[in-house]
Amino acid sequence: MTTIGPPIVEPPAPTAVRPDLFAYPAPTTVRFCMLLVALLGSGLFVGNWLHGEVAGRDWVRATLACETRAQEQTAGLDDLQQLDTKQRILNACRAGAERERAGFMLGGAAAVGLGGLIVLYVAPRVVERRRRLRPPGPRLQPVRERFGQLAAEAGVTRVPLLLLGSSTQRDAFSYGAPGRYRVALPPAVAVRWRDQELFDPLIRHELAHIRHRDVTWAWLARSIWFVLAPLLLLPIISGVVSGDLSLIPDYAWRAALLGITVQFISAALLRSREYDADLRSARTSGGPEKLSRAVALASSRVLPWYRRPLARHPTPADRLAVLEYPARGSSITFWDGFAAAFLAALTAPLVLSLLITLFTGSAPTTLSELVVALTAGPLLGGAVGLGLWRASVVTRTAGAGVSPWGAAVGVAVGLVLGQVASLGQVGAGLSSDLEKPIGLVLLAVAGLGATLIVYSAGEVWADAAPALRWAWLSWVPAIAVTGIVFAAVLWASQQFRLSLNIGGWQFVRQWLVYMPQRWVVVTAVVALAAALVVALTVRRRGRQTPAWIIEQGEPVPWPVGRARFRTVAVAALAAGFVGAVTIVAFRMSAGPATSDAQTLQRFEAYIWLAATLGFVTAAVLAVLVPRYGVGLGSLGGCLATVTVMAGFLALNTALGGDLNREFVADSLLPPIVLGFLLTVAVAPVSWLARSLARSGTRAWAITTPAALIAAIAVIGVIGVTSPPSREIALPDQPSSASTAQQYVATVAPDLVQRYDAIESAVNAIDGDRVSDGPSRAERVRTEVVTPLQALLDQMESYRPPTPAVDTVHASALTALRTAIESFEMFALAFETGDTALFADALAKRTQEQQLWQAWQAGVAELVGPGQPTPGG
Amino acid sequence: MTSNQPEVDQALVGELTQLVLDRVAPDELVIFDETAEEYFQDPHAVLDSRRREEAVGFGLDLALLTPYVLAVATSVVGWLVTTIAEVARDESKPVVASFIRRLFRRGDETAHDAKPVQPLTLEQARSMRDIAYQRAKALGLVDGQATLIADSLVGAVLVAE
């Protein structure tokens with residue numbers, strides 16, 4: 001059996017190979033792109049706010065009319081069908097008004113974007129006037145000529161315009177719009193045009209900025225911010241002027257945080273791009289020596305700690321270090337991870353809000369959620385995943401290692417902070433997140449775990465680098481694999497939080513097993529596993545540094561680890577075999593299931609068993625195999641899970657069960673998804689626990705007993721003692737059926753009846769065209785809120801007899817609480833005439849409708865297929 | 001007459017500065033006229049310009065020496081005017097300026113200037129150097145640069161052997 005341990009090939013001396021960082025696309029480009037998207041996304045908020053100010057009253061009228069119409073059209077329907085039908089009618093009716101709102105949102109983003117473009121094209125003139133820039137005079141003609149030569153050497157097709165600054169200018173800088181770039185030189189540099197150790201490297205550095213499109217990115221971000229910043233002040237100014245300060249506490253700190261963070265992120269991005277410009281300049285200079293001398297002249301003023309994050313240039317010491325060892329320039333820091341994750345989490349709720357609004361009545365909310373995850377994931381993949389995979393390859397040329405922790409913690413913190421601070425959360429306040437902080441903790445853990453898995457997979461992929469003929473074969477999979485992994489984890493964590501909010505842990509348990517759209521996670525697992533299998537298959541010891549990563553130097557033996565596919569396969573198969581044997585043993589000892597409910601209970605137990613053994617295998621590999629383990633664990637875990645379920649399928653077929661494609665998919669995919677999500681969740685702990693492992697420990701020797709213990713525990717807990725998450729009422733389960741049917745027959749109709757009475761009061765208040773605002777507010781409080789509170793009190797006093805009923809009933813309680821919040825907001829809005837508050841109340845009302853839908857689905861489950869629904 | 005005084009001084013300062021730059025930073029002479037114009041418009045702004053971190057720049061902090069030499073030369077010319085004026089009490093200011101101008105070593109004095117000129121004494125040269133050095137230090141120049149400018153200034157005027 002192969003043992004596992006550190007790489008067996010000694011790393012080359014640091015100076016043996018000078019790596020070419022430009023073999024990969026720059027992850028900072030994606031981060032710049034995310035920054036622009038975040039700024040434009042904030043424009044969506046401005047548009048939405050403007051809509052509230054300009055067309056808010058019409059929108060409220062239209063929405064209320066739709067509510068009335070939906071109520072009238074569903075009056076004769078069955079109580080439980082009514083909610084679903086009403087929602088569909090309501091959505092179709094509101095579609096027009098919502099599209100108008102979406103138009104305002106898009107208009108806000110477009111205005112910010114267009115304004116930014118105008119500023120971008122106007123800014124050069126302003127810069128030239130304010131900085132007194134001028135073309136070099138005839139006596140400086142040689143400067144122009146030398147500049148032109150250097151531009152040609154740098155591969156810049158359109159030679160930028162060269163300008164001379166005033167005596168006060170001490171640094172060179174580039175600016176301008178695309179295709180109209182300019183380089184402004186300080187006079188002290190221009191007159192030293194013969195100095196090849198100052199003038200040439202400096203010009204090459206600026207030309208590198210232009211070639212890398214840094215000028216466009218940086219100035220576009222700046223220009224858009226110039227437009228956005230005053231627009232973000234409008235809601236505050238409007239609130240102060242009108243005396244309506246309700247929005248300000250929830251909004252002002254978010255806008256301020258956005259402004260501050262944008263400055264930090266811009267500065268961090270510019271610092272990263274300086275390294276790239278230096279490296280490009282050194283490359284076109286034939287080596288880093290000349291540029292190093294010029295960098296030594298750069299300002300070495302030590303900034304106080306609080307100003308360092310805002311510095312646009314790294315310190316000369318850091319720049320010289322990267323010039324000497326370019327691998328250092330590939331490192332992904334806390335700020336890199338934070339920036340990408342913060343921007344993604346900041347923008348996602350705004351884009352989601354736009355999509356939901358835009359597709360009201362034509363596409364389900366889940367589709368919008370999916371689109372957002374599938375957009376944010378690849379962006380995170382390009383910004384963080386690509387960076388980590390690049391660093392894994394590049395640092396090997398220098399014999400160094402990469403620590404993913406800075407980036408991983410940055411992603412975790414960025415996701416949480418971005419989620420809380422997003423302008424898309426204005427109106428919701430902090431309460432929803434702080435009431436259930438587990439959702440934020442989960443988001444952080446998901447970010448941390450996903451980044452560690454992505455990094456570790458990158459290390460395995462780096463082993464295979466010498467077998468890849470072209471650089472793109474290395475970086476295209478990096479973006480694709482890490483993008484889908486981040487997308488899947490973001491989507492799953494968002495759905496997890498939603499499930500937790502709607503129905504508590506019971507609902508989460510059900511969601512984990514019967515997850516809709518699980519193909520997102522399945523695709524991520526398959527992509528990750530495929531990349532790892534390819535890497536483990538094509539890697540060969542003794543190969544040399546791939547030519548595409550070498551800028552200077554001769555190839556040297558490529559350091560690879562000893563982790564092999566066989567190691568992973570044996571550990572996984574051992575755990576899977578234990579799981580399969582446990583299932584067979586359990587089935588033989590327990591005999592056949594006596595009811596459908598028991599069948600379902602056992603099936604869920606097998607799914608949890610397979611998933612648990614998958615994550616146990618992943619955790620063991622993560623602990624035992626430094627750097628590679630968490631990535632290999634994803635593959636090993638998947639393999640172990642498939643082995644367990646293959647055993648189950650074989651047993652089921654042997655006992656006369658059908659074996660068709662659908663059943664195989666239903667058996668394999670849920671535990672694969674569940675196992676992967678568990679692996680993500682425990683990846684940080686597994687990683688930290690790796691110091692516990694002794695060198696030379698065989699993976700299978702740990703996975704086998706660990707799998708046995710875990711299998712017995714899961715079967716014991718879920719297969720024997722715990723009811724299934726989807727409890728079905730059947731005749732041979734009298735106690736379960738009677739309790740469920742009791743709820744369906746008595747509690748649910750009572751709830752529906754009393755709620756309908758309150759809805760009638762709501763309709764009466766809606767139809768009241770005589771009363772003024774305060775009178776309507778009073779009616780809402782007495783005729784709606786008070787009865788709702790009484791209904792809630794009564795429902796809270798009910799003690800659900802089973803977890804399944806508890807889960808369903810919890811949805812009703814949440815819906816009632818949301819309804820009370822919503823009508824209290826309506827009452828306040830009637831009193832104050834605050835249209836923004838009215839919009840928030842309506843949003844709450846929509847949320848309430850969704851909760852009723854969840855409750856309705858839960859009741860339908862309790863009733864069972866084909867059973868009559870109460871009140872029908 | 002009084003209103004012309006600054007122009008005379010500026011011309012003298014400019015001439016002396018160019019003589020110094022010729023020794024310490026000859027490259028800067030190609031843009032001397034523009035730099036001097038900016039300096040004389042607002043000396044304070046030029047000398048006190050603080051480093052500004054550019055968005056897409058190099059990170060350099062490299063200033064021209066010319067404004068500093070102009071500032072030092074302004075002090076030195078002021079001292080020369082006072083010193084010469086005390087000696088030649090009856091002479092008009094243009095004549096004083098002419099005396100000072102003839103003190104400058106241009107390398108071709110014998111060819112174009114028939115009038116003999118009394119060079120500075122060693123003591124006066126030492127005083128002038130001290131003034132130049134102190135002024136350069138006060139402008140924030142490092143010791144090496146201050147010494148270089150002060151020595152170059154002394155080297156740019158005629159001093160008795």
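No experiment lies behind these values; they were computed from the predicted model shown. Letters go in sequence order (proteins before strands), and every chain restarts at 1.
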Cut-off 4.5 Å, heavy atoms of chain B, and the answer for A:Trp219 is side chain

Problem - More than 12 heavy atoms of other groups within 6.0 Å of A:Arg131 CZ - result: yes

From the list A:Pro136, A:Ala294, A:Pro186, A:Ala218, the residue making the most non-hydrogen contacts under 4.5 Å with chain B is A:Ala294

The interface call for B:Glu38 against chain A, heavy-atom contacts under 4.5 Å, is side chain

- So, the side chain of A:His313 versus the backbone of B:Val56: is there a donor-acceptor pair under 3.5 Å, distance only? no

Here the gap from A:Thr168 atom OG1 to B:Leu64 atom CG, rounded to the nearest 0.5 Å, amounts to 10.0 Å

Applying a strict 4.5 Å limit to non-hydrogen atoms, the region of A:Ala190 in contact with chain B is neither

Cut-off 4.5 Å, heavy atoms of chain B, and the answer for A:Arg271 is neither

Between A:Leu291 and B:Phe58 the two heavy atoms that sit nearest each other are CD1-CE1, 3.7 Å

Turns out that what part of A:Leu270 lies under 4.5 Å from chain B's heavy atoms comes down to side chain

Only residue of B:Ile31, B:Thr35, B:Thr66 satisfying side chain to side chain contact (heavy atoms under 4.5 Å, CB included) with A:Val191 is B:Ile31

Taking atom CZ of A:Arg158 as the centre, report whether more than 12 heavy atoms of other residues, nucleotides or ligands fall under 6.0 Å from it. no

Under 4.5 Å to a heavy atom of chain B? For A:Ile210 that would be neither

Rounding to 0.5 Å, atoms CD (B:Glu54) and CD (A:Glu206) come to a distance of 9.0 Å

So, the part of B:Leu29 with a heavy atom under 4.5 Å from chain A: the answer is backbone

Tightest non-hydrogen contact, residues B:Ala55 and A:Arg222, listed as CB-NH1, 3.5 Å

Applying a strict 4.5 Å limit to non-hydrogen atoms, the region of A:Arg134 in contact with chain B is side chain

Cut-off 4.5 Å, heavy atoms of chain B, and the answer for A:Ala277 is neither

* Asked: Between A:Asp171 and B:Asp61, is there a donor-acceptor pair closer than 3.5 Å when you use the side chain of the first and the backbone of the second?
  -> no

Smallest heavy-atom separation, A:Arg194 atom then B:Asp27 atom, equals NH1-OD1, 3.7 Å

CG (B:Leu62) and CZ (A:Arg170) are apart, to the nearest 0.5 Å, by 9.0 Å

Taken to the nearest 0.5 Å, the spacing of B:Leu60 CG from A:Leu198 CG works out to 6.0 Å

Interatomic distance, OG@A:Ser167 vs CD@B:Gln41, rounded to 0.5 Å, equals 10.0 Å

